[in-house]
Asker: 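This is the structure, below, for whatever I ask next.
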Amino acid sequence: MRLATWNVNGLRARIDYIDHWIKHRQPDVVGLQELKTPDDVFPHEHFRDLGYQALVHGQKSWNGVAILAKHPMTLKQQGLPEQDDFGARLITAEITTPKGTAFDFTTVYCPNGKTLEHADFTRKLDWYKSLHTYWQQHAVAKHLICGDFNIVPEAIDGWRGEKGEGSIFYTQEERQHLQAFVDLGLTDLFRHYYPDSQEFSWWDYRGGAFHRKHGLRIDFLLATAPLVDATSEVIIDRDYRRKIDDLTASDHAPVYADLDI
DNA sequence: ATGCCTCCCCTTGGGAGA
């Protein structure tokens with residue numbers, strides 16, 4: 001079972017690029033973020049032709065999340081309670097694998113926060129509080145939450161290293177909210193399997209950041225213990241941050257894990 | 001310090017992204 005997360009930076013602008021990745025990697029379930037697409041024009045038939053059912057929580061211009069699945073899937077939640085006015089940023093489904101294992105899959109597009117001084121930074125922290133509450137109220141043994149968290153967990157996860165400490169994405173306040181999920185029993189799959197590796201999942205479009213290795217690891221797969229135990233591999237798919245022919249990549253790479261469930 | 005690039009919008013420049 002290959003479970004993936006990907007901030008695609010515009011679903012409609014990325015659709016041909018996404019096809020390449022899906023055909024080469026053959027994921028079973030994909031959490032997508034930053035669709036920038038209203039629900040009424042989501043290309044359901046396009047993904048159906050590739051073998052996927054889609055559940056969508058979109059909006060015009062900004063934000064938007066979706067889950068693609070090759071296996072039976074039912075919607076459990078659209079939108080983070082108490083945070084509707086901060087955009088379409090959360091969707092949860094229950095998925096049943098061919099082996100008959102049921103698990104919950106949540107994907108999130110966490111707020112950016114803009115700057116430490118901006119009102120959106122406080123709202124970002126509040127949004128995390130609501131996510132924490134949501135998580136506690138939807139506790140199931142097998143649950144994976146993935147997405148763009150817009151937090152650099154440790155100095156190793158940002159190209160600026162220790163020099164970044166204290167600036168937005170690297171603050172203790174933001175990291176405490178990530179730690180709260182660890183305290184609730186979730187594990188960052190990539191860091192669990194690669195304790196010392198510096199790999200990034202996002203690179204700015206500007207200034208040749210990808211080639212200069214100026215990136216951040218902000219896209220995670222967080223899993224409960226039974227799913228951690230079932231995981232055999234975790235990949236940050238940086239090849240898919242590169243241009244394919246004339247197709248522009250997202251500024252985020254896909255991240256996926258293979259699980260025996 | 002700012003822009004770099006790319007997306008979106010009842011577009012043609014401006015806001016947002018991280």
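Here is the naming used below: chain letters follow the sequence lines, and residue numbers restart at 1 for every chain.
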Asker: Applying side chain to side chain donor-acceptor pair (under 3.5 Å), can you list everything that pairs with A:E199, at least two apart in sequence or on another chain?
Answerer: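 Side chain to side chain donor-acceptor pair (under 3.5 Å) check on A:E199 returns nothing, list empty.
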Asker: Can you sort out the partners of A:Y194 under ring pair (Phe, Tyr, Trp, His ring centres under 6.0 Å), two or more places apart, ordered by chain and number?
Answerer: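 With neighbours one apart ignored, the set is A:F190.
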Asker: For A:D251 and A:D204, take the nucleotide of DNA chain B holding the closest heavy atom to each; which residue's nucleotide lies nearer the 5' end?
Answerer: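 The answer here is A:D204.
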Asker: Please say which of A:N63, A:T107, A:D148 ends up in a side-chain hydrogen bond (donor to acceptor under 3.5 Å, both in side chains) with A:Q33.
Answerer: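 The passing option is A:T107.
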Asker: From the list B:dT6, B:dC8, B:dA16, which nucleotide is the closest neighbour of the side chain of A:K36?
Answerer: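 Of the options given, the side chain of A:K36 lies nearest B:dC8.
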Asker: By the 4.0 Å heavy-atom rule, please label A:H214 as base, sugar-phosphate, or nothing.
Answerer: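 The answer is nothing, as A:H214 stays clear of every strand by at least 4.0 Å.
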Asker: Under the rule for side chain to side chain donor-acceptor pair (under 3.5 Å), what residues qualify as partners of A:K129, not counting sequence neighbours?
Answerer: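 For A:K129, no residue satisfies side chain to side chain donor-acceptor pair (under 3.5 Å) once neighbours in sequence are set aside.
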Asker: Under the side chain to side chain donor-acceptor pair (under 3.5 Å) test, which residues partner A:E154, sequence neighbours left out?
Answerer: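 Not a single residue meets the side chain to side chain donor-acceptor pair (under 3.5 Å) criterion with A:E154.
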Asker: For the pair made of NE2 in A:H118 and P in B:dG15, what is the distance, rounded to whole Å?
Answerer: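 Whole-Å distance recorded here is 12 Å.
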Asker: Applying side chain to side chain donor-acceptor pair (under 3.5 Å), can you list everything that pairs with A:Q176, at least two apart in sequence or on another chain?
Answerer: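 With neighbours one apart ignored, the set is empty.
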Asker: Report yes if the distance between the aromatic ring centroids of A:W203 and A:H252 is under 6.0 Å, otherwise no.
Answerer: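 Ring centres of A:H252 and A:W203 not closer than 6.0 Å.
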Asker: Name the closest nucleotide to the A:Y205 side chain, picking from B:dC5, B:dC7, B:dA16.
Answerer: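 Closest nucleotide among those given: B:dC5.
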Asker: Enumerate, atom names and distances included, each donor-acceptor pair closer than 3.5 Å involving a side-chain atom of residues 67-74 of chain A, sequence neighbours excluded.
Answerer:
| unit_1 | atom_1 | unit_2 | atom_2 | d |
| --- | --- | --- | --- | --- |
| A:K70 | NZ | A:Q26 | OE1 | 2.7 |
| A:H71 | NE2 | A:D28 | OD1 | 2.8 |

Asker: Report which part of the nucleic acid A:I168 touches: base, sugar-phosphate, or nothing (heavy-atom distance under 4.0 Å, all strands).
Answerer: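 Answer is nothing: A:I168 stays at 4.0 Å or more from every strand.
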Asker: Name every residue in residues 152-165 of chain A that has at least one heavy atom under 4.0 Å from any atom of DNA chain B, in order of residue number, or write none if there are no such residues.
Answerer: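 Within residues 152-165 of chain A, no residue comes under 4.0 Å of DNA chain B.
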Asker: Between B:dC10 and B:dG15, how many Å separate the two P atoms, rounded to a whole number?
Answerer: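 Looking at atom P only, B:dC10 and B:dG15 are 15 Å apart.
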Asker: I need the CD-P distance between A:Q59 and B:dC7, as an integer number of Å.
Answerer: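 Between P of B:dC7 and CD of A:Q59: 19 Å.
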Asker: Would you mind telling me which residue lines up with the more 5' stretch of DNA chain B, A:W62 or A:G207, judged by nearest nucleotide?
Answerer: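 The residue closer to the strand's 5' end, by nearest nucleotide, is A:G207.
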Asker: In whole angstrom, give me the gap between the C1' atoms of B:dA1 and B:dT11.
Answerer: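 Those two atoms are separated by 29 Å.
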Asker: Examine the side chains of A:R241 and A:S201 and answer whether a donor and an acceptor come within less than 3.5 Å of each other.
Answerer: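 There is no such pair (donor and acceptor under 3.5 Å, judged by atom type) between the side chains of A:R241 and A:S201.
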Asker: What are the atom names and distances for every N/O pair under 3.5 Å that joins the protein to nucleotides 10-13 of chain B?
Answerer:
| unit_1 | atom_1 | unit_2 | atom_2 | d |
| --- | --- | --- | --- | --- |
| B:dC10 | OP2 | A:K60 | NZ | 3.1 |

Asker: Suppose we screen for salt bridge (charged side-chain N to carboxylate O under 4.0 Å, His left out). Which residues come up paired with A:D258, at least two apart in sequence or across chains?
Answerer: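 In terms of salt bridge (charged side-chain N to carboxylate O under 4.0 Å, His left out), with neighbours along the sequence ignored, A:D258 is linked to A:R2.
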Asker: Is A:F149 touching bases, backbone alone, or none of the nucleic acid, heavy atoms closer than 4.0 Å?
Answerer: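 The answer is nothing, as A:F149 stays clear of every strand by at least 4.0 Å.
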Asker: Taking transitive links into account, so neighbours of neighbours count too, which hydrophobic residues share a cluster with A:V41 at under 4.5 Å side-chain distance?
Answerer: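 Under the 4.5 Å side-chain rule, A:V41 groups with nothing.
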Asker: Who are the side-chain contact (heavy atoms from CB on, under 4.5 Å) partners of A:H132, not counting sequence neighbours?
Answerer: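 A:H132 satisfies side-chain contact (heavy atoms from CB on, under 4.5 Å) with A:Q136, A:A180, A:F181, A:L184 once adjacent residues are dropped.
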Asker: C1' atom, B:dG14 versus B:dG3: distance in rounded Å?
Answerer: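 Between the two C1' atoms, the distance is 15 Å.
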Asker: Can you sort out which residues in residues 4-17 of chain A have a heavy atom within less than 4.0 Å of DNA chain B? Ascending by number, please.
Answerer: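 Result for residues 4-17 of chain A: A:N7, A:N9, A:R12, A:A13, A:R14, sorted by number.
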Asker: Which whole number of Å gives the distance between the P atom of B:dA16 and that of B:dT12?
Answerer: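 Nearest-Å result for B:dA16 against B:dT12 at atom P: 16 Å.
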Asker: In whole angstrom, what separates A:N63's CG from B:dC8's P?
Answerer: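 Rounded to whole Å, this separation is 13 Å.
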